[in-house]
Structure formats: C-alpha cells, structure tokens
Amino acid sequence: MLYASERSAARLLDMKPTEFRALVDAGALPRPVKIAGAVERWRVQDLDAILQGTKPKPNEEFDL
C-alpha cells in the first residue's frame, strides 16, 4: 500500500496543502493514518477511490 505526506496528497489532488487540510478537517477527505506512532500519512488508494467515485466520503450518511 502506498502512503503520501500531506503535501504529496494535496499535489495528487491538484490543490494547495492548506486547501487539502481544510477539506480533511471538514470531513470531505479521509483523515491520515499514523505510521510508527507519530507520522501522519494518507492512503493513496483512499484518495484515488474518492476521486473515482468508488468510496464514500468519511462523513457521508446513508439511508438503509
């Protein structure tokens, strides 16, 4: 599995790191995972799935 730093994740989505972090904080993009207890990284597969429309955003609600 590939992981990206905040700057790299923002670059993958063609946005500034501040814009990327704002969307993460708003719940529109997934939160980072902690690697080795302290380092934050984003799963590239999760970001790609959101772009492709194959994964729900973290704060989406569904009617079952």
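Every heavy atom of this structure was used, including side-chain atoms; hydrogens, water molecules and symmetry mates were not. It should be emphasised that the depicted structure is a prediction, and the values quoted were computed from it without experimental measurement.
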(request) Look at atom CG of Asp14 and say whether more than 12 heavy atoms of other residues, nucleotides or ligands are closer to it than 6.0 Å. (result) no
(message) Out of the candidates Leu23, Leu51, Asp48, only one should pair with Leu13 under the side chain to side chain contact (heavy atoms under 4.5 Å, CB included) rule; please name it.
(response) Leu51
(request) Work out which heavy atom in Ala10 is nearest to a heavy atom in Phe20; give both atom names and the distance. (result) CB-CB, 3.6 Å
(request) Name all residues meeting the salt bridge (charged side-chain N to carboxylate O under 4.0 Å, His left out) criterion together with Glu6; count only those two or more places apart in sequence or in a different chain, and write none if there are none. (result) Arg21
(message) Tell me every residue that passes side chain to side chain donor-acceptor pair (under 3.5 Å) with Arg7, counting only those two or more places apart in sequence or in another chain.
(response) none
(message) I need the minimum non-hydrogen distance between Ala4 and Ala9, along with the two atoms involved.
(response) CB-N, 3.9 Å
(message) Rounded to the nearest 0.5 Å, what separates atom CD in Gln52 from atom CG in Leu47?
(response) 11.5 Å
(request) Any chance you could lay out the side chain to side chain contact (heavy atoms under 4.5 Å, CB included) test for Gln45 and Leu2, step after step, and finish with the verdict? (result) CA-CA 7 Å; Gln45 290 175 329; Leu2 294 174; over 6 Å; no
(request) Quick one: pull up CG in Leu29 and CH2 in Trp42 and give me the separation to the nearest 0.5 Å. (result) 9.5 Å
(request) Report the distance from atom CG of Asp46 to atom OH of Tyr3, rounding to the nearest 0.5 Å. (result) 8.5 Å
